[in-house]
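These notes are about the structure you will find just below.
Given the structure is predicted, the values throughout are model-derived calculations rather than measurements. For reference, positions follow the sequence shown, starting with 1.
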Amino acid sequence: MIRRRWFVADGCGDSDIVYDQFITVIHHRNPSVQFPSDVSVSTCESLEDLDFTGRPKVSGNCSELGVEHTDSVDGCRVLRNWIVHDPCSGQDYKRVQSISFLFDEYELDVAPSLTVDCDSQVPRPSYVGPVPLVQQCIYSDGNLTISWLGVEVKEHETRSHSCRRVVERTVIGRDSCRSRLYEQKITFLDRSSPVLSLMPDTTATCRQVHGNLLSVPKVNDTCSESTTKHVDSLIGTTIRRTWQASDACGNTAIPRSQLIQLRSHTPHIEVPPNVTIGCGQI
């Protein structure tokens, strides 16, 4: 209600005459209040920024409404309790806004599927963007602390044969509130050939050659064990030794050739000493 006081005076200097008028304001409709929606933030600064998280919007009322809010911590979110007060009707309009905390800039680079030869070729999950940091927002009724826990990898393997296997992998990025999952299928198919080291040409005797007393080349195979063998061909007094290597999956190395020059080896004969014997002792 509004009291309007009127003052009236005449031209002869008579005293003012006072009239009180009472005006009753009747609200024909309630105000329209639109509360902000639930949102997610990634920093404490964004959480405190009402321009970002939103404010109530009011329309359709002739009086000035009071707007206030209080925050409370509920696990990994902030509950913002909004109150809009209409002083004329005495009515309060209330709503709880949920503000979740997310590392929204966090992402892992995980290929959905890939085919590799062996375990050493599987890329580790890498970050897209900065690594998330611990965030702590302080409130009078408690602290909202979000911590980054890292990456966890879970695998389930199926094997069709020794040279081919499939791994179904789940890569999990975790913080103290939630997880983000990435599914990945990895096919291991051994297609890597072994590599033989070069063998220098050498000189050897027949006994060294046939007794397998010469050194053998080294074999490098990143995915499996390999075996070596050689084939010899004689050209005059020179042996051309061709080395070959293969692994359990049938991958073969590029052959390496080695020339072995045979050298003569004078035999050592021990002759018994001279003796004198009788005719019956021969």
Side-chain angles (χ1 to χ4, degrees), residues 106-132 148-174 180-265:
Y106 162 69
E107 191 74 28
L108 280 177
D109 183 13
V110 179
S113 63
L114 67 158
T115 300
V116 296
D117 290 311
C118 47
D119 294 291
S120 61
Q121 298 173 351
V122 178
R124 294 181 58 84
S126 58
Y127 297 102
V128 177
V131 178
W148 173 243
L149 303 181
V151 177
E152 177 185 1
V153 178
K154 295 183 178 181
E155 294 184 346
H156 171 69
E157 178 176 332
T158 60
R159 184 186 295 269
S160 58
H161 54 76
S162 59
C163 298
R164 185 183 187 277
R165 59 192 176 97
V166 176
V167 173
E168 295 177 353
R169 170 186 279 188
T170 302
V171 182
I172 309 170
R174 297 186 186 276
R180 184 172 293 183
L181 304 181
Y182 302 83
E183 300 295 335
Q184 186 179 47
K185 182 178 180 180
I186 305 174
T187 301
F188 292 90
L189 184 60
D190 188 354
R191 300 162 298 183
S192 294
S193 298
V195 178
L196 281 168
S197 63
L198 291 173
M199 292 294 293
D201 297 339
T202 186
T203 301
T205 64
C206 290
R207 185 172 63 89
Q208 291 174 316
V209 172
H210 296 295
N212 292 324
L213 301 179
L214 300 178
S215 58
V216 299
K218 295 181 179 180
V219 183
N220 181 26
D221 195 326
T222 57
C223 295
S224 59
E225 296 292 331
S226 297
T227 58
T228 60
K229 63 180 182 178
H230 65 269
V231 176
D232 291 343
S233 59
L234 182 62
I235 307 173
T237 58
T238 301
I239 295 176
R240 178 182 293 275
R241 175 162 290 181
T242 302
W243 290 97
Q244 298 174 335
S246 61
D247 61 19
C249 296
N251 301 304
T252 58
I254 298 175
R256 301 290 190 184
S257 295
Q258 178 188 25
L259 296 178
I260 304 173
Q261 179 66 46
L262 295 176
R263 68 171 182 264
S264 60
H265 179 75

At their closest point, which heavy atom of Gln258 faces which heavy atom of Pro200, and how far apart are they?
NE2-O, 2.9 Å
Taking only residues two or more places apart in sequence or in another chain, which ones pass side chain to side chain donor-acceptor pair (under 3.5 Å) with Thr170?
Glu183
Which residues share a side chain to side chain donor-acceptor pair (under 3.5 Å) with Thr238, sequence neighbours left out:
Gln261
Just jot down the side chain to side chain contact (heavy atoms under 4.5 Å, CB included) partners of [X], sequence neighbours excluded, or say none.
X	value
Val122	Val116, Arg169, Ile186, Phe188
Arg164	Ser160, His161, Val166, Thr187, Leu189
Ser226	Pro194, Val219, Asp221, Asp247
Thr252	Ser246

Heavy-atom side-chain proximity of Glu157 to Arg165 below 4.5 angstrom
yes
Do Leu114 and Pro123 touch side chain to side chain, with heavy atoms closer than 4.5 Å?
yes
Working to the nearest 0.5 Å, report the span between [atom1] of [X] and [atom2] of [Y].
X	Y	atom1	atom2	value
Gln208	Leu213	CD	CG	6.5 Å
Met199	Arg256	CE	CZ	12.0 Å
Asn220	Lys218	CG	NZ	10.5 Å

Can you name the residues that form a salt bridge (charged side-chain N to carboxylate O under 4.0 Å, His left out) with [X], not counting sequence neighbours?
X	result
Asp201	none
Glu168	none
Arg241	Asp232
Asp117	Arg191

Near Leu181 CG, under 6.0 Å, is it more than 12 heavy atoms from other residues, nucleotides or ligands?
yes
Please determine whether side-chain contact (heavy atoms from CB on, under 4.5 Å) holds for the pair Leu196 and Ile254, giving the CA-CA distance in whole Å, both sets of side-chain angles, and the decisive distance to 0.1 Å.
CA-CA 7 Å; Leu196 281 168; Ile254 298 175; over 6 Å; no
Can a donor-acceptor pair be found, under 3.5 Å and without considering hydrogens, that links the side chain of Gln184 to the backbone of Ala111?
yes
Please evaluate residues Leu259 and Arg240 with respect to the criterion side-chain contact (heavy atoms from CB on, under 4.5 Å), reporting the C-alpha separation (whole Å), side-chain torsions for both, the decisive distance (0.1 Å), and the verdict.
CA-CA 5 Å; Leu259 296 178; Arg240 178 182 293 275; 4.0 Å; yes
Determine, stepwise, if the pair Leu262 / Leu234 fulfils side-chain contact (heavy atoms from CB on, under 4.5 Å).
CA-CA 10 Å; Leu262 295 176; Leu234 182 62; 4.2 Å; yes
Can you pull the disulfide bond (SG atoms under 2.5 Å apart) pairs that have at least one residue in residues 214-251, sequence neighbours excluded?
Cys118-Cys223, Cys163-Cys249
Steps toward side-chain contact (heavy atoms from CB on, under 4.5 Å) verdict (Glu225, Thr227):
CA-CA 7 Å; Glu225 296 292 331; Thr227 58; over 6 Å; no
Pairs satisfying ring-ring contact (aromatic ring centres under 6.0 Å, His included), at least one member in residues 196-235, at least two apart
His230-Trp243
